Amino acid sequence: MKIRKGMKFRLEPSNVQRERMSMFAGHNRAVWNKALEITKDRLDRKVPILWYHELNWNLTRLWKQSEEMAWLNDAPSQSLQQTLKHFDRAMRDCFDRNQPNKRMPRFKKKGRGDSFVFPQGFCVEGNRIKLPKLGWVRFRKSRELQGTMKSVTVSRNGKHWFVSILCEIEVPDPVHASLTAVGIDRGISIMAACSDERDYGNVRAFRKHQKRLAKAQRTLSRKVKFSNNWKKQKESIQTIHSKIANMRNDALHKASTEISKNHAMIFMEKLGVSRMSKSAKGTIDKPGKQVKAKSGLNRSILDTGWSMFAAMLEYKQAWNGGCVQYVPAAYTSQRCSACGYTAKTNRVSQSKFHCRHCGHAENADRNAARNILAAGHAVLACGVDAVATTVKQEPLAV
Ligand SMILES: [Zn+2]
């Protein structure tokens, strides 16, 4: 198995190199913003947008030839092209229904996320790296590089510049240490309820910060816009935001690492996150019901970062030699995991499940997790049959 690993080091550029790097970052930012400007304009006018090849044509034939953007010729053209490729990717993601959390790309601002990429033309010698149009730049080599170098990203954080070297490393195929399977319900009150009776991440922990956030935002609204106090308040809001994001990321990482370690096979619901987290307000002709309750629920869903969680589980399983399988989501919250009786009334509340038929009572998310595990086994059984009857299908990796 080949894996790709990024290794980041701090650069120690000369003053001239530092200046050139700022300039390159600026040129790449300009190319991104220009591409976005064109795209937005085309979307407004409802004409098809331009993809990488057309944008690249614009770059070399129009922008670089024009008087007002001729300075683009100073920047390494491969990194400008790479920026357009990233832009292309961002637009494709933005229109991809399977990536519900992706948004329209934004204009880049100076000093925020300054970076540029070299797909080729670089080499490393000792603690120096040779970069196109920059020459040899020293870096703090804190560890040895492994494998084949694929690309290099130069970025700025605060006043320091860094280089991230993407290496492709050949590693033996991992074999998962465990043979068990687990069903996970990505719940509302707990982040992940598992069929092995473990719970991960309490969503309520976020509520406290959410209240603080709401309060801070109210305070902001009372301040004079762009005054010093307003700026200070704005900063503290930003701090709360990043605190919530960090908490969530930590919780997601902890949960996904442990689940991936314990189980070779993970079953999850195939759930349209975008559909569930979409505004509950509805339209003017068709106003939504229970708008307030649903928007609270939506917030919880976004809190838990489901698609991030799924992505983490997927790559951790790949690393550990396990896999993630998605199963259809129908009725998992209404079916009794003990007897199979399915009814809306089984779900007493958001968190309680009580079977009307056999009396089985359990946390609703746990009951759903058990159903997901059962559904997963059923899917696998079908899969195995399919392999037996059709030769085309790839054997399932369990
Ligand atoms: Zn039952």
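What you see is a predicted model; the values in this text were computed from it and never measured. Any value given below was found using the heavy atoms of this structure, including those in side chains, with hydrogens, waters and symmetry copies removed.
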Atom pair [atom1] ([X]) and [atom2] ([Y]), whose distance is rounded to the nearest 0.5 Å:
X: D196; Y: I259; atom1: CG; atom2: CD1; result: 7.5 Å
X: M23; Y: L134; atom1: CE; atom2: CG; result: 8.5 Å
X: H176; Y: S260; atom1: NE2; atom2: OG; result: 5.0 Å
X: L84; Y: N58; atom1: CG; atom2: CG; result: 9.0 Å
X: Q233; Y: I237; atom1: CD; atom2: CD1; result: 5.5 Å

Open item on the list: What I want to find out is whether K40 reaches D44 closely enough, with some N-O distance under 4.0 Å, to be called a salt bridge.
Closed with: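 Not counted as a salt bridge, because no side-chain N and carboxylate O are separated by less than 4.0 Å.
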- [ ] Decide, yes or no, whether a salt bridge links R92 with D88 under the criterion of side-chain N to carboxylate O below 4.0 Å.
- [x] yes
Could you work out, with ring-ring contact (aromatic ring centres under 6.0 Å, His included) as the rule, every residue matching [X], not counting sequence neighbours?
X: F118; answer: F116
X: Y200; answer: none
X: F139; answer: F9
X: H357; answer: Y341

Got a list of side-chain donor-acceptor pairs under 3.5 Å for residues 49-57, not counting sequence neighbours?
unit_1: E54; atom_1: OE1; unit_2: W51; atom_2: N; d: 2.6

Neighbour count above 12 (heavy atom, 6.0 Å) for [X] [atom1]:
X: R106; atom1: CZ; result: no
X: R45; atom1: CZ; result: yes
X: E235; atom1: CD; result: no
X: Y331; atom1: OH; result: no
X: E19; atom1: CD; result: no

Open item on the list: Side-chain heavy atoms under 4.5 Å apart, restricted to Ile/Leu/Val/Met/Phe/Trp/Tyr: what other residues fall into the cluster of V117, or is it alone?
Closed with: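 Grouped by the 4.5 Å side-chain rule, V117 forms a cluster of one, so the answer is none.
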Open item on the list: Which residues end up grouped with V47 if you chain together Ile, Leu, Val, Met, Phe, Trp and Tyr wherever their side-chain heavy atoms are less than 4.5 Å apart?
Closed with: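 So far as hydrophobic clustering goes, V47 is joined with none.
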TODO: Only counting residues at least two apart or in another chain, list the ones meeting side chain to side chain contact (heavy atoms under 4.5 Å, CB included) with N127.
DONE: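 With sequence neighbours excluded, N127 shows a side chain to side chain contact (heavy atoms under 4.5 Å, CB included) to R138, K141, given in chain and number order.
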Task: Sequence neighbours excluded - side chain to side chain donor-acceptor pair (under 3.5 Å) pairs with any residue from residues 221-231 - done: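 Every pair satisfying side chain to side chain donor-acceptor pair (under 3.5 Å) with a residue in residues 221-231: there are none.
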TODO: Please step through salt bridge (charged side-chain N to carboxylate O under 4.0 Å, His left out) for the pair D93 and R89, ending with a clear verdict.
DONE: CA-CA 6 Å; D93 284 348; R89 176 83 266 155; 3.4 Å; yes
Do [X] and [Y] have side chains that get closer than 4.5 Å, going by heavy atoms?
X: C167; Y: Q146; result: no
X: V163; Y: V137; result: no
X: Q82; Y: N28; result: no
X: R29; Y: K110; result: yes
X: I129; Y: L11; result: yes

Open item on the list: Over 60° means perpendicular and under 30° means parallel, so tell me whether H377 and F267 are parallel, tilted or perpendicular.
Closed with: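 Perpendicular: the ring planes of H377 and F267 meet at over 60°.
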- [ ] Could you pull out all residues at least two apart from R4 that satisfy salt bridge (charged side-chain N to carboxylate O under 4.0 Å, His left out)?
- [x] E168
Task: By salt bridge (charged side-chain N to carboxylate O under 4.0 Å, His left out) - contacts of R370 (at least two apart) - done: E197, E362
Pair up each side-chain donor or acceptor in residues 151-159 with any protein partner under 3.5 Å, not counting sequence neighbours, and list the distances.
unit_1: R156; atom_1: NE; unit_2: D114; atom_2: OD2; d: 3.4
unit_1: R156; atom_1: NH1; unit_2: S22; atom_2: OG; d: 3.3
unit_1: R156; atom_1: NH2; unit_2: D114; atom_2: OD2; d: 2.3

Open item on the list: Within the 3.5 Å criterion, strictly below it, is a donor on T180 or H263 matched to an acceptor on the partner's side chain?
Closed with: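 Yes, H263 and T180 have a side-chain donor paired with an acceptor closer than 3.5 Å.
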